[in-house]
Q: 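Please read through the structure below; I'll follow up with questions.
Because only heavy atoms are used, hydrogens play no part in the values below, and waters and symmetry mates are left out as well, while side chains stay in.
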Protein chains: 2
Amino acid sequence: MASASTRHNIIEIADDLFYRGGFEATSFADIAVKAGISRGNFYYYFKTKDEILDAVIDRRLQRTRAMLDGWEAQAPKPRERIVAFIELLIANRAPIMAHGCPVGTLCAELAKLDHVHQERAAEIFGLFAHWLEKQFRVLGADEAAREWALHVLAWSQGVASLATAFKDEEFIRREVADITGWLDGRIASLSN
Amino acid sequence: MASASTRHNIIEIADDLFYRGGFEATSFADIAVKAGISRGNFYYYFKTKDEILDAVIDRRLQRTRAMLDGWEAQAPKPRERIVAFIELLIANRAPIMAHGCPVGTLCAELAKLDHVHQERAAEIFGLFAHWLEKQFRVLGADEAAREWALHVLAWSQGVASLATAFKDEEFIRREVADITGWLDGRIASLSN
DNA sequence: GTCTATACGAAGATAGAC
DNA sequence: GTCTATCTTCGTATAGAC
């Protein structure tokens with residue numbers, strides 16, 4: 001297999017395993033086996049575990065940007081874009097109930113490990129926050145845009161957190177409806 | 001040192017280390033060193049890592065019950081009791097920004113490890129949920145009590161999650177004010 | 001109940017052959 | 001670029017002396 005695609009393959013598998021089992025609990029051997037390469041070959045691409053974490057965070061940043069861009073392209077109205085974000089909770093309900101939110105759980109784990117890449121992982125949250133803020137600005141919420149963006153983000157994080165603990169799909173749907181209701185209330189308040 | 005107090009001491013230290021560094025990342029050696037005993041002696045009290053996790057979860061359940069009972073004893077009005085819960089985010093802001101919410105992060109980690117004690121850890125959330133529900137019932141919210149309880153719990157979890165990622169104290173204070181505002185809005189809606 | 005010594009395996013990481 | 005072999009450290013866990 002060519003160098004670039006093997007490297008890409010490793011990152012893809014590491015991303016998945018880090019999400020499902022956690023960063024620390026995932027070993028090089030786990031990744032190598034799933035990637036179909038030897039541990040020795042693995043080290044040709046990544047010298048340390050931190051290096052692969054770095055690459056995984058890069059990938060997640062890239063994919064998050066692509067997803068946010070996609071929502072902007074698909075939905076012309078900010079409200080529908082924000083709803084697309086909120087409904088991610090429903091679309092990903094099965095993995096969320098099993099493994100939590102990929103961003104929140106990575107940030108939490110890296111915080112406990114006091115890991116150097118802590119801030120880089122938090123940047124993924126930063127992308128969402130900034131994007132949501134932008135949508136609220138387009139809606140006309142100048143001063144409150146940042147606050148509302150963080151509020152939606154926090155709320156969805158809380159739903160993911162409890163959904164992981166209780167494995168309750170109905171709870172997710174109810175909260176998603178509530179967040180959407182809150183959003184429409186905010187939008188309505190802007191036209192007054 | 002007597003048996004009971006050594007055992008208690010181990011649990012106390014394990015609880016703290018599990019919170020600050022995570023369950024998996026904390027080794028027996030870490031606990032033994034901090035407890036001032038040898039690893040060999042450690043095994044006299046706990047045969048496996050799961051056994052000590054079990055004891056730590058027990059301790060957390062007990063302490064959570066005691067805290068909830070304390071709030072009920074100190075505040076006669078349900079509103080003030082719920083506010084006491086919400087303001088836990090402010091009281092514990094420093095450790096939350098450094099290590100997250102003890103309950104949420106433990107549940108998330110155990111979910112990733114697919115650990116047998118996953119449900120037992122979630123029981124701690126259950127205690128909070130049940131207690132909050134009870135307070136809302138006293139306020140007269142019969143049908144909505146459960147939903148509101150889970151809502152407050154989820155919201156506070158989300159705040160803890162983002163606070164850990166962004167290390168933003170102002171954000172915590174703002175959200176706590178928002179949750180309290182939401183609470184008063186719900187209470188006001190009950191008298192109509 | 002507490003200790004030291006030690007077995008055993010897993011995980012990160014390296015060396016060097018092909 | 002990919003492999004096998006190996007080193008080293010660390011973590012769980014046990015045995016047995018005191």
Q: In chain order, what residues pass the side chain to side chain contact (heavy atoms under 4.5 Å, CB included) check against B/E24, with sequence neighbours excluded?
A: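 Counting only residues at least two positions away or on another chain, B/E24 forms a side chain to side chain contact (heavy atoms under 4.5 Å, CB included) with A/A25, B/E109, B/L113.
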Q: Report the residues that fulfil salt bridge (Lys or Arg N to Asp or Glu O under 4.0 Å) with B/D69, sequence neighbours left out, ordered by chain and then residue number.
A: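 With sequence neighbours excluded, B/D69 shows a salt bridge (Lys or Arg N to Asp or Glu O under 4.0 Å) to no residue whatsoever.
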Q: Roughly, in whole Å, what's the span from CZ in B/F42 to C1' in D/dG11?
A: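 Rounded to the whole Å, the gap is 12 Å.
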Q: Just how far, in rounded Å, is P of D/dA13 from CD1 of B/I52?
A: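 The answer, rounded to whole Å, is 11 Å.
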Q: Please list, for nucleotides 10-13 of chain C, all pairs of protein and nucleotide N/O atoms separated by less than 3.5 Å.
A:
{"residue": "C/dG12", "atom": "OP1", "partner": "A/K49", "partner atom": "NZ", "Å": "3.2"}
{"residue": "C/dG12", "atom": "OP2", "partner": "A/F28", "partner atom": "N", "Å": "2.8"}
{"residue": "C/dA13", "atom": "OP2", "partner": "A/K49", "partner atom": "N", "Å": "3.2"}
{"residue": "C/dA13", "atom": "N7", "partner": "A/Y43", "partner atom": "OH", "Å": "3.0"}

Q: According to salt bridge (Lys or Arg N to Asp or Glu O under 4.0 Å), who are the partners of B/D114, at least two apart in sequence or on a separate chain?
A: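 Not a single residue meets the salt bridge (Lys or Arg N to Asp or Glu O under 4.0 Å) criterion with B/D114.
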Q: Tell me whether the side-chain N/O atoms of A/Y44 come closer than 4.0 Å to OP1 or OP2 in D/dG1.
A: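 Checking D/dG1 against A/Y44, a side-chain N or O does come within under 4.0 Å of OP1 or OP2.
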Q: To the side chain of B/I37, which of D/dG1, C/dC3, C/dT2 is closest?
A: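 For the B/I37 side chain, the nearest candidate turns out to be C/dC3.
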Q: Taking side chain to side chain contact (heavy atoms under 4.5 Å, CB included) as the test, write out the residues that go with B/A84, two or more places apart.
A: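 Partners of B/A84 under the side chain to side chain contact (heavy atoms under 4.5 Å, CB included) test: B/W71.
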Q: Just N and O in the side chain of A/N41: are any of them under 4.0 Å from OP1 or OP2 of D/dC3?
A: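 Affirmative; the distance criterion is met.
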Q: To check you understand the geometry: which heavy-atom pair defines the closest contact between B/A154 and A/V159, and what is its length?
A: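 Distance-wise, the nearest heavy atoms are CB-N, 4.2 Å.
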Q: Please name all residues satisfying salt bridge (Lys or Arg N to Asp or Glu O under 4.0 Å) with A/R60, sequence neighbours left out, ordered by chain then number.
A: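 A/R60 satisfies salt bridge (Lys or Arg N to Asp or Glu O under 4.0 Å) with A/D15 only.
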